[in-house]
Every structure is written in structure tokens, then in C-alpha cells.
Protein chains: 2
Amino acid sequence: MQERVTMADVARAAGVSSATVSYVLSGKRPVAPETRAAVEAAIAELGFTVNSTARSLRTGRSSLVALIVPDIANPFFAQLAATLQEELRGLGIHVVVCNTRARRDEERALLAEAVQQRFAGVVITPFRLLPRDFEAVTRAGIPVVVSADVPFGPVDQIMPETRTATRQALERVTAARRRRIAMIAGPRDATGGDPRLELLRTLALQFGTSLPRELVVRGEHTREAGAAGFAELMDRRYRPDAVFCGNDVIAVGALDKARELGVDIPGDVALVGHDDAVFASLVRPQLTTVRYPAEEVGRAAARLLGERFDGRGVHRTVRVRAEFVARASA
Amino acid sequence: MQERVTMADVARAAGVSSATVSYVLSGKRPVAPETRAAVEAAIAELGFTVNSTARSLRTGRSSLVALIVPDIANPFFAQLAATLQEELRGLGIHVVVCNTRARRDEERALLAEAVQQRFAGVVITPFRLLPRDFEAVTRAGIPVVVSADVPFGPVDQIMPETRTATRQALERVTAARRRRIAMIAGPRDATGGDPRLELLRTLALQFGTSLPRELVVRGEHTREAGAAGFAELMDRRYRPDAVFCGNDVIAVGALDKARELGVDIPGDVALVGHDDAVFASLVRPQLTTVRYPAEEVGRAAARLLGERFDGRGVHRTVRVRAEFVARASA
DNA sequence: ATGAAAGCGCTAACAA
DNA sequence: TTGTTAGCGCTTTCAT
């Protein structure tokens with residue numbers, strides 16, 4: 001049962017007080033070079049590492065960041081977790097993953113827990129949450145980074161910049177003389193809005209066409225919902241010749257149904273996904289999509305948190321640029 | 001700035017000592033019913049929740065379990081993380097995700113950190129680690145669950161039971177009169193063995209054929225490696241008519257190359273994957289594969305850890321059964 | 001059945 | 001430039 005080495009042990013070995021050891025580590029007050037050297041030697045010799053539990057208790061701040069998302073098993077969030085973890089590793093911070101299963105009660109419970117446990121920070125993709133649900137966390141002074149399509153009040157935020165990429169997608173589609181644009185959207189979130197849908201509608205107008213209400217269907221972010229949505233659209237008397245999807249999973253479902261119905265993609269209908277999930281390039285035809293890079297979101301989240309740890313006080317919104325990826329489906 | 005409610009606050013409100021509050025929570029010594037009721041009422045009224053940092057400092061045990069894997073972004077491990085997290089949630093335990101990027105130094109560093117931070121447990125899929133790398137962790141009394149193909153010494157372990165499923169795959173392939181069996185294996189791990197390869201070799205013999213050395217190629221678990229491996233196999237004068245892959249990602253790469261070379265799957269060559277990753281059913285032809293269920297691994301890991309927390313002392317090995325999934329590629 | 005109090009290892013006043 | 005020391009909130013031994 002290997003004994004734990006404490007600061008007191010290091011202090012004794014270096015012939016100083018434990019306060020000095022602490023200050024050598026934190027750099028929060030000047031330490032004479034020779035003292036510092038002695039302490040560092042003792043640390044190395046004894047193999048000391050700080051007990052972050054004790055530090056947390058003392059400072060009232062843990063070294064944990066909570067990543068709160070609807071589903072970590074979703075490739076986008078999995079990649080986000082991986083990147084965030086690697087970026088935060090150097091700061092000695094661990095990432096705790098929390099699944100909300102898209103349920104508001106879970107989202108709220110997790111947020112409350114982050115406050116109770118005095119987490120160092122929270123990175124969250126809210127699904128049913130409203131801006132006021134964040135009051136407690138921000139009041140507790142816990143840095144929060146929200147990754148969402150819409151503004152969420154006085155928190156750091158990462159928002160996608162999809163206008164350009166979506167415009168390129170529309171350009172490609174309309175250049176192929178397609179005018180009957182449709183969308184299979186994801187579920188409406190708590191804010192009631194749907195930025196992807198609204199953006200597409202706005203842009204469609206600019207391209208001299210439109211996104212008529214009857215060509216918008218809605219479902220979960222699942223393959224089944226994608227298939228159902230596509231079937232529904234094909235039933236319309238005003239049949240679309242281009243279908244935009246809320247994400248790639250939906251698009252894959254649409255692809256399934258198209259094959260089943262004998263609808264040729266992209267011959268009869270052009271299909272555009274969203275996110276560029278790993279499998280977007282695996283299906284046939286390969287999915288033309290709007291890529292939203294999880295790695296960059298993770299890096300931005302880590303950077304925003306890092307700035308907050310350093311005590312910077314202004315809330316920032318970082319925009320992450322989505323990229324149009326032209327493949328075979330449109 | 002909302003004040004934190006401590007046990008002392010609860011004790012004061014209930015007219016008892018903080019020790020009693022602690023014992024009401026832990027049940028480690030009898031408390032009079034009316035005392036208990038008073039304490040519970042105070043807890044509810046004040047909205048008290050224990051400070052797990054303080055508890056950890058005192059007990060020398062945190063409420064964190066580390067999930068140490070080569071890559072959380074890998075769908076298998078992402079699903080494992082999700083399940084583990086949900087199963088452990090009820091025990092008040094958080095899951096910290098740790099990426100090793102398949103590097104031994106990272107694996108060792110993470111294991112060492114788990115000891116230093118007195119984690120409540122570790123769930124690990126070792127990649128380059130040897131059994132003796134676990135000595136420190138077990139000596140520290142930290143429950144370890146290893147998910148691997150081979151035995152790893154005195155730890156709880158989850159091992160796949162793939163014999164039956166692999167036999168079924170071979171049955172299907174040989175029933176179609178295929179005899180020239182090949183494999184695109186993953187990288188050789190630190191133990192030097194490759195159970196999937198060895199199992200296939202053994203079974204092939206039983207089916208009256210073999211897995212000749214020249215029909216075994218090896219690479220990383222990537223799409224590129226799969227493509228390269230397949231190309232190499234198609235170059236052999238003794239050309240295989242059935243190719244087994246170390247995992248589904250490799251199989252997808254093989255599929256890419258087959259299409260490029262004009263090799264018909266399954267007409268010319270049958271292709272069998274491994275794991276049943278999400279995209280196995282997305283590619284065309286859909287992948288015939290040996291499904292290894294991450295959910296069950298996660299549940300088993302949580303169960304094993306739970307037993308250890310309860311103080312059960314024997315090391316157990318849980319076998320998780322893989323399942324043959326027949327689709328179009330073989 | 002309950003309470004008093006020590007102390008886990010660290011940080012940050014306050015002193016010198 | 002460095003040391004002394006008081007806690008952070010909890011668990012648990014020792015008393016009662």
C-alpha cells in the first residue's frame with residue numbers, strides 16, 4: 001500500500017515550510033531561486049503530486065469540467081468529448097461526461113450538480129433548456145460555455161456560422177435547375193426556433209425560390225424519422241427536387257427510403273445533409289453536407305474556459321465556421 | 001452568490017450534531033427514528049447535498065471513475081462511455097473520460113494519475129499495456145475493470161466470447177464454397193498475441209480449410225489501412241475469396257478498395273467485419289459482421305465496480321457474447 | 001443513541 | 001523572502 005507523499009513531506013525534505021512548497025507550485029508569490037530549486041528537487045525525488053481533492057476543498061473549486069450533452073454516443077459529441085479532454089489535459093482538468101438523453105429534468109439536474117460540486121466549468125449543448133436555467137450556475141461563478149444555434153444570455157457561447165456553407169449548398173442545387181426545395185428538420189427545441197430552417201428559408205428567397213410550408217416536415221434526429229419524412233415529402237402533389245436535412249442521420253434515413261421507393265438520388269432528388277458525421281462519406285451516394293467541425297468546437301470551448309480560469313470577465317461568442325462539402329448526393 | 005449548505009447547517013436546524021447528520025446519511029450507526037426524521041426534514045428544507053470533495057478528502061476515495069480508452073471518438077468506446085455513465089449515475093459516481101491515443105506512455109500516465117487522485121475505480125481497454133503496469137493501481141486498492149481479449153492478471157475482466165459468432169461466420173462463408181480465407185488484422189498489441197486472428201485460424205482448420213500466413217495482412221484500425229490491406233491481398237497469386245477484418249473500419253476501407261478495383265463484394269470476395277459499428281449497416285453492401293455489444297460491456301463494467309465498492313474481494317471475469325450478424329457482404 | 005473533536009492535504013491570510 | 005496557522009466540510013474514534 002504505497003504511501004501518499006504530501007506537501008509536508010516535500011517541505012521537510014527541502015527544509016522549508018509547506019507554504020513555500022505551495023507557492024513554488026502556484027507561483028503566487030516570489031520564491032528565492034535556490035529555495036525553489038531545493039523544493040523542485042525534493043518534489044522530483046519523492047515523486048510528489050498534489051492532492052487535487054484537498055486543493056479543491058480548500059479553494060472551493062474542483063478540477064472537473066462537466067460536458068453535458070444529449071448523447072455522448074452521437075459521433076459529434078463523442079468527438080467533442082475527445083477534443084475537449086485533450087485540450088484541457090494540460091491544465092490538469094478532467095472532463096466528466098454527462099448524458100441528458102435530451103430531457104430537460106436531466107439537463108437541470110446536471111447543471112444543479114455542477115453547482116453543488118463546484119465544478120471548474122461546464123460545457124453544454126442545451127436541448128430543452130431556457131436561458132434562465134443558467135442563472136444558478138452563473139451566479140455561482142462557474143464558467144459556462146454553451147454550444148448552441150441561438151444566443152443563451154450572459155454566458156460564453158459557441159455558435160455555428162453556417163450561412164456561407166448553406167448558401168453554397170443552395171447555389172449548387174439551384175445551378176442544377178432545382179427549384180422545389182424541401183427540408184426534413186429536427187425536433188423543435190425549447191426556444192421554439194429552428195435556425196437551420198430559418199436560414200434556409202431566407203436564403204431560398206435570395207435564390208429566387210422558396211421553402212414552402214408544405215415542404216417542411218419535422219422529426220427526431222433518427223434514421224427512422226428521416227425515412228418517414230422523406231416518404232411524406234414524396235407524397236406531396238408539389239414534389240420537391242431537393243431535400244435538405246436537419247442532420248446526417250436524418251439524411252441517411254431519407255436515403256434508405258429513396259432506395260426503397262426507387263427515387264434516384266441525386267437524379268430525381270438532390271439530398272443535402274448537415275454535420276458531416278463519420279458515415280456521411282460511407283453511404284452511397286456519398287452525402288453532400290454542411291460540415292460542422294466538432295474538433296473546432298472542442299478547441300474553442302477549451303480556450304473560452306481557459307480564459308475564464310485566468311479571470312477574464314467578458315462573455316464572448318465564438319463563431320465556428322461550417323464548411324460546404326460537395327459529394328455525390330447533391 | 002448562493003451560499004453552500006453544510007452539514008453543520010443541517011445539524012443546527014435539526015438540533016443535533018453534525019456527526020448525527022453524517023450517520024443518518026451513511027446509516028453506519030443506528031439513529032433514533034425521530035432524530036432521523038428531524039434531520040431528513042432539515043435536509044429537505046435547506047436543500048442540502050453533501051460536498052463530495054470534502055468527503056473524498058476525508059475518506060481518501062473520490063467519487064470518480066476513469067474510463068481509459070484508445071479513442072473516445074470511436075463509436076464503440078463512445079457507446080461504452082454513455083452506458084457506463086448512465087449505470088454509475090445512480091451510485092453518485094462520475095465518469096472521467098481519458099484518451100490514450102493508443103500510446104503506452106499515456107496509458108501509464110493515466111493509470112498513475114488514477115492512483116494519485118485516489119479514483120474510485122478504473123475501466124480500461126489497454127492497448128500497449130502489460131499486466132505488470134497494473135501493479136500500482138491494484139496495490140492502491142483501486143478497483144480495476146479491464147476490457148480486453150486476453151487475460152490481464154489479478155483484476156476484474158470483461159472478455160468477449162466470439163467463438164460461436166466467428167464459427168457462424170465461417171459456416172456461412174464455407175457453405176458458399178469459399179476456401180481461400182484471408183484476414184486484414186489490426187495492429188499487434190503489447191501482449192504480442194492476436195486472439196481474433198488465432199481464433200479464426202483454429203476454426204478454419206475445423207472447417208477443413210486454413211488461414212495461410214500469406215493471406216494475413218496487418219495494419220492500423222483505419223479505413224486507409226483497410227484499403228491498403230485489401231489491395232495487398234488482391235495482389236497475391238493465391239487470391240482469397242473471403243476476407244475477415246479486424247474491425248468494421250478496416251472492412252469499410254476494404255470495401256472502398258474493392259469498388260476501386262472492380263472486385264465484386266460478395267460476388268468475387270466475401271467480406272466480414274467485426275464489432276457492428278453504427279455504420280456497418282450504412283455502407284453498401286451492408287456489412288456482415290460479428291457484433292460486440294458496447295452496452296453490455298458498459299453494464300458489466302458498472303456491475304463489477306459496484307460489487308467492488310460493496311467490498312466483494314474476488315476477481316471475476318465476465319464474458320460478453322458476440323453475435324453473428326448476417327448482412328449482404330458475406 | 002448521541003456528541004465532541006481530530007484531522008484528511010492544501011491555500012492564503014497574517015506575521016515576521 | 002519565508003513561516004505559522006486557520007480553516008475548507010466531511011467522517012470516525014472516543015466519550016458519554
Side-chain angles (χ1 to χ4, degrees), chain A residues 1-40 42-43 46-63 92 115-120 140-141 309 311, chain B residues 1-40 42-43 46-63 92 115-120 140-141:
Chain A
M1 194 63 71
Q2 117 180 6
E3 285 311 313
R4 223 192 173 297
V5 181
T6 71
M7 274 194 182
D9 299 324
V10 173
R12 206 172 309 119
V16 298
S17 75
S18 68
T20 297
V21 178
S22 174
Y23 284 118
V24 165
L25 255 32
S26 71
K28 287 190 180 171
R29 86 180 183 191
V31 176
E34 51 273 30
T35 309
R36 168 180 301 275
V39 169
E40 282 169 349
I43 287 176
L46 300 178
F48 166 81
T49 51
V50 312
N51 180 327
S52 62
T53 303
R55 172 180 284 173
S56 297
L57 179 58
R58 176 58 229 232
T59 61
R61 209 46 125 209
S62 84
S63 56
V115 176
Q116 284 152 14
Q117 310 295 342
R118 290 276 194 258
F119 272 44
F309 298 157
Chain B
M1 194 61 72
Q2 118 179 5
E3 286 310 315
R4 226 194 170 292
V5 180
T6 71
M7 273 193 182
D9 300 323
V10 173
R12 205 171 310 117
V16 299
S17 75
S18 67
T20 298
V21 178
S22 174
Y23 284 117
V24 165
L25 254 34
S26 69
K28 287 189 180 172
R29 89 178 180 190
V31 175
E34 51 274 28
T35 309
R36 168 180 301 275
V39 169
E40 283 169 349
I43 288 176
L46 300 178
F48 166 81
T49 51
V50 309
N51 179 326
S52 62
T53 303
R55 171 180 286 174
S56 297
L57 180 59
R58 177 58 227 234
T59 62
R61 208 45 123 212
S62 84
S63 55
V115 176
Q116 284 152 14
Q117 310 296 341
R118 291 275 194 258
F119 273 44

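Letters A, B, ... are given to chains in the order of the sequence lines, protein chains preceding strands, and every chain is numbered from 1.
At a threshold of 4.5 Å between non-hydrogen side-chain atoms, the residues V24(A) and E40(A) count as touching. Annotation: side chain of N51(B) is not in contact with side chain of T6(B) (no heavy-atom distance under 4.5 Å). You'll find the side chain of I43(A) reaches within 4.5 Å of the side chain of L25(A), heavy atoms only.
Of the candidate nucleotides dC10(C), dA5(C), dC8(D), dA5(C) has the atom nearest to the side chain of A19(B). Distance from the side chain of N51(A) is smallest to dG9(C) among dG3(D), dA4(C), dG9(C). Across dG9(C), dT2(C), dT11(D), the shortest atom-to-atom separation from the side chain of A32(B) is found for dT2(C). Side-chain atoms of L57(B) lie closest to dG9(D) of the nucleotides dT11(D), dT2(D), dG9(D). Of the candidates dC10(C), dT4(D), dT12(D), the closest approach to any side-chain atom of A54(A) belongs to dC10(C).
Atom CD of E34(A) is separated from atom C1' of dT1(D) by 10 Å (rounded to the nearest Å). Distance F48(A) CZ to dG9(C) C1': 8 Å, rounded to the nearest Å. Rounding to whole angstrom units, CE of residue M7(B) and P of dA6(C) are separated by 19 Å. Nucleotide dT5(D) holds its C1' atom 10 Å from the CZ atom of R58(A), rounded to whole Å. In this structure, R36(B) places its CZ atom 10 Å from P of dT2(C), rounding to the nearest Å. Summarising the geometry, the separation between CD on Q117(B) and C1' on dG9(C) is reported as 12 Å, rounded to the nearest angstrom. As rounded to whole Å, 13 Å separates atom P of dA12(C) from atom CZ of R61(A).
Across every non-hydrogen atom of S56(B) and T53(A), the tightest pair is CB-CG2, 3.5 Å. Shown here for V5(B) and F48(B), the closest heavy-atom pair between the two residues is O-CD1, 3.2 Å. Of all non-hydrogen atoms in A13(A) and L46(A), the two that sit nearest each other are CB-CD1, 4.0 Å. Scanning all heavy atoms of the two residues, the minimum distance from A42(A) to A14(A) falls at CB-CB, 4.0 Å.
Close to dG3(D), at under 4.0 Å from its OP1 or OP2, lies a side-chain N or O of S17(A). For the OP1/OP2 pair of dT2(D) and a distance below 4.0 Å, the side-chain nitrogens and oxygens of T35(A) include at least one atom meeting the criterion.
No donor-acceptor contact under 3.5 angstrom links the side chains of S62(B) and Q117(B), judged on distance only.
Residues of residues 8-16 of chain B having a heavy atom closer than 4.0 Å to DNA chain C, listed by number: G15(B), V16(B). Listed in residue order, the members of residues 20-30 of chain B having a heavy atom less than 4.0 Å from DNA chain C are T20(B), R29(B), P30(B).
Distance check: Y23(A) OH to R29(A) CZ gives 4.5 Å after rounding to the nearest 0.5 Å.
Take the nearest nucleotide of DNA chain C for T59(A) and for V31(B): the residue whose nucleotide is more 5' is V31(B).
A donor-acceptor pair under 3.5 Å is formed between the side chain of S26(A) and the backbone N or O of S22(A). Judged purely by atom type and a 3.5 angstrom limit, R4(A) uses its side chain to pair as donor or acceptor with the backbone of Q116(B). Side-chain atoms of T35(B) never come within 3.5 Å of backbone atoms of V31(B) as a donor-acceptor pair (strictly under, hydrogens ignored).
In secondary-structure terms, DNA chain C builds stems of at least 3 consecutive Watson-Crick or G-U pairs, each pair having both distances under 3.5 Å, at C:1-16 with D:1-16.
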